Amino acid sequence: DLRVVSKIERPEAVARLDEIIELSDAVMVARGDLGVEMDVSRVPLIQKDITHRCARAGKPVIIATQMLQSMIESAVPTRAEVSDVANAILDGADAVMLSAETSIGRHPIEALRVIRDIANQTEAFIAAGPEDSAAGTSPQAFRITSAVVRGAVGIARELNVKALVVWTESGNTVRLLSKRRPGPLIVGLTPSERVCRWMTLYYGVQPIRLQWQEPQQKMVAQVDRALCRRNLAATNDPIVIIAGTHLCEAGATNALLIHLVGSPE
């Protein structure tokens with residue numbers, strides 16, 4: 001049940017990147033180590049290449065090291081650092097990671113606030129941008145799930161839904177949906193605490209631990225209660241529910257439901 005995050009920090013890893021991505025659950029771009037191990041001028045291009053390959057493979061990617069390096073000592077970042085963080089998010093990073101800024105820096109809380117604010121501003125810009133700007137993902141192992149995800153994204157945009165709600169056993173549907181950057185909040189519902197924690201890494205996802213309830217009518221009412229209780233949606237908000245006809249079976253995602261919160265089915 002353990003997940004593997006591969007840290008890319010040597011030329012040998014870059015040379016076999018596709019194999020590493022295929023066998024990994026997520027990838028971290030260790031820019032500091034890469035800059036030591038190879039020509040530093042190549043690091044920005046390698047970062048973009050890894051990010052784009054992970055997008056195509058539907059795998060989360062973390063950009064790490066020296067994101068806000070000056071804030072180890074300074075209470076404000078440089079303009080170059082702000083641009084660096086924003087560009088990582090624009091390229092498709094699922095997470096931007098602080099290290100020395102919060103472990104030994106003099107301004108850890110300020111650094112966290114700065115990187116959060118940059119992310120919020122950049123994500124708002126992405127959400128307001130052209131549709132289908134994110135790299136398409138269609139891993140062969142999840143062809144049906146990928147097709148359902150593409151349909152859900154199109155419906156969500158056309159109907160301006162409040163949230164995309166996914167019942168998931170493994171988190172795979174949520175992962176593929178996240179990589180498409182649909183705009184509305186993605187809510188991942190799972191009975192597994194382990195999967196719930198793992199989904200916190202995915203871009204734009206609010207994980208909620210929830211046990212399945214069948215039949216469908218009870219499941220939909222359960223979704224309504226979960227969203228309203230957390231102020232994620234209100235009565236009559238349109239949402240899209242993504243699930244499988246067999247809720248507790250991993251890899252069975254094959255259904256979409258357009259639903260108004262609070263309305264009987």
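From a predicted model like this one, the values you see are computed outputs, not experimental measurements.
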Side-chain heavy-atom pair I50, I46 within 4.5 angstrom cut-off: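 I50 vs I46: side chains touch.
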Is there a side-chain contact between T145 and L176 in this structure, where contact means two heavy atoms from C-beta onward sitting under 4.5 Å apart?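 The answer is yes; the side chains approach within 4.5 Å.
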Step-by-step side-chain contact (heavy atoms from CB on, under 4.5 Å) determination, L177 to Y202: CA-CA 9 Å; L177 185 58; Y202 302 156; over 6 Å; no
Output yes when a side-chain donor or acceptor of [X] lies under 3.5 Å from a complementary backbone atom of [Y], and no otherwise.
| X | Y | result |
| --- | --- | --- |
| S74 | M71 | no |
| R230 | A226 | yes |
| D224 | G262 | yes |
| E101 | L68 | yes |
| T122 | A119 | no |
| T168 | V174 | no |
| R42 | L34 | no |
| H107 | V76 | no |
| R209 | P191 | yes |
| E81 | T78 | yes |

Is the shortest distance from a Lys or Arg side-chain nitrogen in [X] or [Y] to a carboxylate oxygen in the other one below 4.0 Å?
| X | Y | value |
| --- | --- | --- |
| D84 | R31 | yes |
| D94 | K179 | yes |
| K59 | D25 | no |
| E12 | R16 | no |
| D49 | R53 | yes |

Minimal non-hydrogen separation, L159 against P238, with atom names: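 Closest approach of L159 to P238, heavy atoms only: O-CG, 4.3 Å.
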Please name the pair of heavy atoms, one in A30 and one in E9, separated by the smallest distance, quoted to 0.1 Å.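 Distance-wise, the nearest heavy atoms are CB-CB, 4.0 Å.
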Show your reasoning for whether side-chain contact (heavy atoms from CB on, under 4.5 Å) applies to V27 and V5. CA-CA 5 Å; V27 172; V5 180; over 6 Å; no
Report, as yes or no, whether the 6.0 Å neighbourhood of atom CZ on R3 holds more than 12 heavy atoms from other residues, nucleotides or ligands.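 Yes, because the 6.0 Å sphere around CZ of R3 holds more than 12 heavy atoms from other groups.
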Using the side-chain contact (heavy atoms from CB on, under 4.5 Å) rule, pick out the option among V223, L257, L164, V220 that qualifies with I239.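 Of all the options given, the one that passes is V223.
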